[in-house]
Enquirer: 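Please see the structure below; I have some questions.
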There are 2 protein chains.
Amino acid sequence: MRERWLDELAAARPGLDRSSTAARVAGLLREQITDGRLVPGARLPEEDLCRAVKVSRNTMREAFRMLAQERLLVHEFNRGVFVRRVTADALADLYRVRRILECEGVRCAPDAPPEALARLEAAVLDGERAAGAGRWADVGTADIRFHQALAALVGSPRVDEMIRHLLAEMRLVFHEMGSPREFHEPYLARNRRLHDLMARGDLAAAERELRSYLDDAEAQLTKAYRENERL
Amino acid sequence: MRERWLDELAAARPGLDRSSTAARVAGLLREQITDGRLVPGARLPEEDLCRAVKVSRNTMREAFRMLAQERLLVHEFNRGVFVRRVTADALADLYRVRRILECEGVRCAPDAPPEALARLEAAVLDGERAAGAGRWADVGTADIRFHQALAALVGSPRVDEMIRHLLAEMRLVFHEMGSPREFHEPYLARNRRLHDLMARGDLAAAERELRSYLDDAEAQLTKAYRENERL
DNA sequence: AGCGTAGAGATTGTTCAACAATGGAGCAAT
DNA sequence: ATTGCTCCATTGTTGAACAATCTCTACGCT
């Protein structure tokens, strides 16, 4: 192989690449959504946002498209864009795919580079620290980073992107039902156990644990959903 | 349950929903790309296309964005949009994800509805018919439909969408190296064998066959790629 | 010849203003 | 209460304009 460092430079280029204003606007909105300041179901009127961010309608619509593709927004023709409301069906599908990708991550753990495993442990530690300090929102963030690191063990850029979008949607689900504390707390210990099983190399047990973890979380969220739907 | 037929109507709605012109334009371009009339690497100048399709630049750019999100086009800032060239690395990643999704499809076969399995067999038959008639392009189409049906066994809308995009990219790969005949012919029999193994219920053997199938196809394409790269 | 520079021309990025098309709210009539 | 109608706000789409950036050519230098 010739000039490996050239490839590394080429790979780092898009990071330094200046982004279009639409992308930056999309970033702003994404932040508002994942932080929960824009609640699911909320409508985003073009003109109001244009005035707020001081961009033209075209670029705003461009930003909308991006976020719609990420499934954070839904675009209803001739009606406008809304923050996505994840239905119970979509939630089930979300977990179906999470099971596939994250379990594959567990199976790939032996072949994964050490940094990838280190990120996994870092996420566990971050979660534990945040819980100790009572920062429950950060516990949620660490949990998401944990599962992201899990899927990243596959070592596939595509899988990375999929799981990133998936977990961004999970944030929508969390915001739609509030109460970060009760929900995230019990999963802290399970993240830790899962990580330890993998570190020990017991992949079969790790996969079982992960499956049961996801089953429980899905059941809990689905139950909460059904109750919410009564409103 | 009350008013079941209402839900069915609601489910059928998006089909009748008229689409934006941007979406239709994107459809046109998508067809040109997957049919190979637009070769990978080709540049798509905004104004030329606007004049050809008689839409404004804004809507054309909107169409571009959709296809860029599907990875059929790449959008280089201040340089324009191009038909995607799949690199060797991207090809490897493509197969990595195909292995994950399609193998999962095999494992889900027992729980899949009969229609889904029927579509699988239909794709096999279509391929065999097309091969008998010497329509090699159609053989390729049937092959893609076969693998799409395979992943569809998972029964997940998300997986369906992923595999659809993945296989659309595979078309790009095929077009970049031409010669549909030699490439698709040997896989006809393997599709048939794979289907029969699954119909017989021997999932373990089916998964082994699928993995070897994908390994061989990837190796063959990668080899062709390395040779092409010398140009 | 090889290399860096400068400027012209072309293409893209972004904005703006306008009009058509559509959806939703209110109101009248039955 | 439901239907049919009108009016208004919002979105869909267009076309033109200007700024920013790239590409290419020509030029001058060593």
Side-chain angles (χ1 to χ4, degrees), chain A residues 9-10 13-30 32-33 38-39 41-69 71-85, chain B residues 2-3 6 9-10 12-30 33 38-69 71-85:
Chain A
L9 267 189
R13 170 191 175 181
L16 242 79
D17 205 325
R18 75 217 156 264
S19 53
S20 72
T21 53
R24 272 170 304 188
V25 172
L28 282 181
L29 291 180
R30 190 179 1 245
Q32 299 284 317
I33 296 172
L38 276 172
V39 301
R43 180 150 173 281
L44 306 190
E46 288 185 355
E47 291 194 272
D48 298 358
L49 292 184
C50 290
R51 234 175 303 117
V53 192
K54 300 249 209 299
V55 297
S56 88
R57 277 180 66 205
N58 288 321
T59 48
M60 183 56 72
R61 286 161 71 78
E62 196 157 327
F64 283 164
R65 290 271 175 209
M66 297 183 184
L67 296 172
Q69 205 65 25
R71 303 189 213 241
L72 293 183
L73 299 181
V74 290
H75 187 146
E76 299 188 20
F77 196 82
N78 271 323
R79 279 186 26 94
V81 297
F82 305 80
V83 180
R84 172 116 182 273
R85 299 199 73 161
Chain B
R2 43 176 189 181
E3 316 299 358
L6 254 176
L9 265 191
R13 169 190 175 185
L16 241 80
D17 204 327
R18 71 206 162 278
S19 52
S20 73
T21 54
R24 274 170 300 186
V25 172
L28 283 182
L29 292 180
R30 190 181 356 241
I33 295 172
L38 276 171
V39 300
R43 182 152 172 278
L44 306 191
E46 288 186 357
E47 291 194 273
D48 297 359
L49 292 184
C50 289
R51 234 176 303 118
V53 191
K54 300 249 209 302
V55 297
S56 88
R57 275 181 66 205
N58 287 321
T59 52
M60 182 57 72
R61 286 160 69 74
E62 205 156 314
F64 282 165
R65 258 168 262 134
M66 298 182 182
L67 296 172
Q69 214 63 19
R71 303 190 214 238
L72 293 183
L73 298 181
V74 290
H75 187 148
E76 299 187 20
F77 197 82
N78 270 322
R79 282 187 24 92
V81 297
F82 305 80
V83 179
R84 172 119 183 272
R85 300 198 70 161

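A note on names: the letters A, B, ... follow the listed sequences, proteins ahead of strands, and every chain is numbered from 1.
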Enquirer: If the test is side-chain contact (heavy atoms from CB on, under 4.5 Å), which one of V39(A), L38(A), L28(A) qualifies with I33(A)?
Expert: L38(A)
Enquirer: Output the distance between atom CZ (R61(B)) and atom NE2 (H75(B)), rounded to the nearest 0.5 Å.
Expert: 5.5 Å
Enquirer: Start with the C-alpha distance between L72(B) and R84(B), add both sets of side-chain angles, then the distance that settles side-chain contact (heavy atoms from CB on, under 4.5 Å), and finish with yes or no.
Expert: CA-CA 5 Å; L72(B) 293 183; R84(B) 172 119 183 272; 5.8 Å; no
Enquirer: Roughly how far, to the nearest 0.5 Å, is the CZ atom of R65(A) from the CD atom of Q69(A)?
Expert: 9.0 Å
Enquirer: Pick from E47(B), E62(B), E46(B): which one makes a side chain to side chain donor-acceptor pair (under 3.5 Å) with R57(B)?
Expert: E46(B)
Enquirer: Could you run down nucleotides 7-17 of chain D 5' to 3' and tag each one B, S or - for protein heavy-atom contact under 4.0 Å?
Expert: ---SBBBBB-B
